[in-house]
Participant: 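Have a look at this one.
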2 protein chains.
Amino acid sequence: MFDAACPSAASPFRIADKWGGMVVLCLEAGPRRFTELRVPLQRIAPKVLTETLRSLERDGFITRTVFDENPPHVEYELTPLGRSLLPAIAACREWGFANLDKMREARERYDGDGAEAA
Amino acid sequence: MFDAACPSAASPFRIADKWGGMVVLCLEAGPRRFTELRVPLQRIAPKVLTETLRSLERDGFITRTVFDENPPHVEYELTPLGRSLLPAIAACREWGFANLDKMREARERYDGDGAEAA
DNA sequence: GAGCCTAGTTACGTTGCAGTGACTGGGTCC
DNA sequence: GGACCCAGTCACTGCAACGTAACTAGGCTC
């Protein structure tokens with residue numbers, strides 16, 4: 001879903017923090033558990049995922065529900081406020097699909113000129 | 001235009017870097033000079049503005065034109081690629097107008113609970 | 001009783017963004 | 001000849017984000 005080559009890392013848009021937007025997208029289809037979120041976000045460290053989730057919870061975008069079971073069971077789910085982010089995130093993604101290549105070309109041109117001049 | 005109390009600093013959306021989105025908006029109406037950009041962005045340091053402009057130029061969002069005059073004269077202007085950002089930025093701003101208050105309330109609730117518990 | 005499960009925590013280190021304060025350089029004005 | 005103008009640069013600092021690696025807790029299974 002989001003592999004290391006995913007160009008979204010280069011997007012000029014950032015939601016909350018580096019992983020915030022991706023987590024929100026992962027929750028779009030419904031509630032998920034901690035380890036279910038780690039699967040699509042392969043490269044995220046548990047510590048960073050915890051921080052991201054706490055930050056999203058603080059901002060009122062997601063809820064954290066603990067089920068008193070064994071093994072432990074915690075679910076994260078988008079709130080209405082969290083869902084309100086989706087249209088804006090979609091606009092950012094659309095921009096990316098249409099223009100990220102142009103941005104990368106511009107960047108290579110700029111860096112290339114600099115390297116030649118040096 | 002963007003004073004210290006401007007809530008956009010709290011927005012979960014970030015374009016390029018902290019000031020990138022605001023600079024693009026400042027250039028929406030037409031080309032501007034370095035010091036003309038500093039006026040609406042009161043609190044930006046010249047170093048930071050230079051870095052922001054270089055970064056936007058690298059990504060192909062703006063052009064930098066030097067007029068060989070005295071005193072020095074440099075103009076920054078949006079490229080078509082830079083203008084392509086405007087609809088997405090507008091979507092992010094609309095989200096802010098509609099929801100930033102709710103986000104702040106959620107944040108205060110969260111921090112308040114934490115402070116009471118401690 | 002060793003090891004696995006989930007959902008984290010703790011300690012530590014690196015990187016980069018952001019910001020402050022002082023300074024530059026060529027030309028014009030007084 | 002001193003001060004001001006614009007458009008920066010330079011050296012330095014603070015802080016948060018990001019990341020790695022190792023460790024924890026309680027209960028279940030083998």
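If you're wondering where the values come from, they're calculated on a predicted model, not measured in any experiment.
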Participant: Could you walk me through whether A:V24 and A:I15 pass side-chain contact (heavy atoms from CB on, under 4.5 Å), step by step?
Facilitator: CA-CA 9 Å; A:V24 170; A:I15 294 98; 5.5 Å; no
Participant: B:R107: which residues meet the salt bridge (charged side-chain N to carboxylate O under 4.0 Å, His left out) condition with it, sequence neighbours left out?
Facilitator: A:D59
Participant: Could you name each residue pair satisfying side-chain hydrogen bond (donor to acceptor under 3.5 Å, both in side chains) that touches residues 25-39 of chain B, not counting sequence neighbours?
Facilitator: none
Participant: Test side-chain contact (heavy atoms from CB on, under 4.5 Å) on B:F13 and A:L85 and set out the steps.
Facilitator: CA-CA 10 Å; B:F13 297 96; A:L85 290 167; 3.9 Å; yes
Participant: To the nearest 0.5 Å, how far apart are CG in A:N99 and CZ in B:F61?
Facilitator: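 Those atoms lie 8.0 Å apart.
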Participant: Under the salt bridge (charged side-chain N to carboxylate O under 4.0 Å, His left out) rule, collect the residues that match up with A:R104, sequence neighbours excluded.
Facilitator: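 Partners of A:R104 by the salt bridge (charged side-chain N to carboxylate O under 4.0 Å, His left out) criterion, ordered by chain and then number, come out as A:D101.
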Participant: Have a look at the helix from C:dG1-D:dC30 to C:dC30-D:dG1 and give the angle its two end axes make, five pairs each, rounded to 10 degrees.
Facilitator: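 One end's axis against the other's: 20°.
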Participant: Mind checking what makes side chain to side chain donor-acceptor pair (under 3.5 Å) contact with A:R14, not counting sequence neighbours?
Facilitator: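 For A:R14, no residue satisfies side chain to side chain donor-acceptor pair (under 3.5 Å) once neighbours in sequence are set aside.
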Participant: Scan the side chains in residues 45-53 of chain A for donor-acceptor partners under 3.5 Å anywhere in the protein, sequence neighbours excluded, and list what turns up.
Facilitator:
from  : atom 1 : to    : atom 2 : distance (Å)
A:K47 : NZ     : A:E51 : OE2    : 3.3
A:T50 : OG1    : A:P46 : O      : 2.9
A:T52 : OG1    : A:V48 : O      : 2.8

Participant: Between which nucleotides of DNA chain D, read 5' to 3', does contact with chain B run, using atoms under 4.0 Å from its heavy atoms?
Facilitator: D:dC6 to D:dA11
Participant: Which residues in residues 27-38 of chain B have at least one heavy atom lying under 4.0 Å from any atom of DNA chain C?
Facilitator: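 Nothing qualifies; none.
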Participant: Restricting to ring pair (Phe, Tyr, Trp, His ring centres under 6.0 Å), what partner residues turn up for A:F67, sequence neighbours left out?
Facilitator: A:H73
Participant: Give each protein N/O atom lying under 3.5 Å from an N/O atom of nucleotides 17-20 of chain C, with the pair distance.
Facilitator:
from   : atom 1 : to    : atom 2 : distance (Å)
C:dA18 : OP1    : B:K18 : N      : 2.7
C:dG19 : OP1    : B:K18 : NZ     : 2.7
C:dG19 : OP2    : B:W19 : NE1    : 2.9
C:dG19 : N7     : B:K47 : NZ     : 3.0
C:dG19 : O6     : B:K47 : NZ     : 2.3

Participant: Hey, could you give me the CZ/CG distance between B:R93 and B:L100, rounded to the nearest 0.5 Å?
Facilitator: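 Nearest 0.5 Å value for the CZ-CG distance: 11.5 Å.
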Participant: Look up atom OG in B:S55 and atom CH2 in B:W19, then write down how far apart they are to the nearest 0.5 Å.
Facilitator: 14.5 Å
Participant: Name every residue in residues 67-78 of chain B that has at least one heavy atom under 4.0 Å from any atom of DNA chain D, in order of residue number, or write none if there are no such residues.
Facilitator: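 Within this stretch, B:P71, B:P72, B:H73, B:V74, B:Y76 sit under 4.0 Å of the strand.
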Participant: Between CG of B:L56 and CZ of B:R64, what distance do you get to the nearest 0.5 Å?
Facilitator: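 If I round to the nearest 0.5 Å, the distance is 13.0 Å.
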Participant: CE of B:M103 to CG of A:L81: how many Å apart, nearest 0.5 Å?
Facilitator: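 That separation rounds to 8.5 Å.
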Participant: How long is the span from the NZ atom in B:K18 to the CG atom in B:L41, to the nearest 0.5 Å?
Facilitator: 11.0 Å
Participant: Considering residues at least two apart in sequence or located in another chain, which fulfil the ring pair (Phe, Tyr, Trp, His ring centres under 6.0 Å) criterion with A:Y76?
Facilitator: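 A:Y76 satisfies ring pair (Phe, Tyr, Trp, His ring centres under 6.0 Å) with no residue once adjacent residues are dropped.
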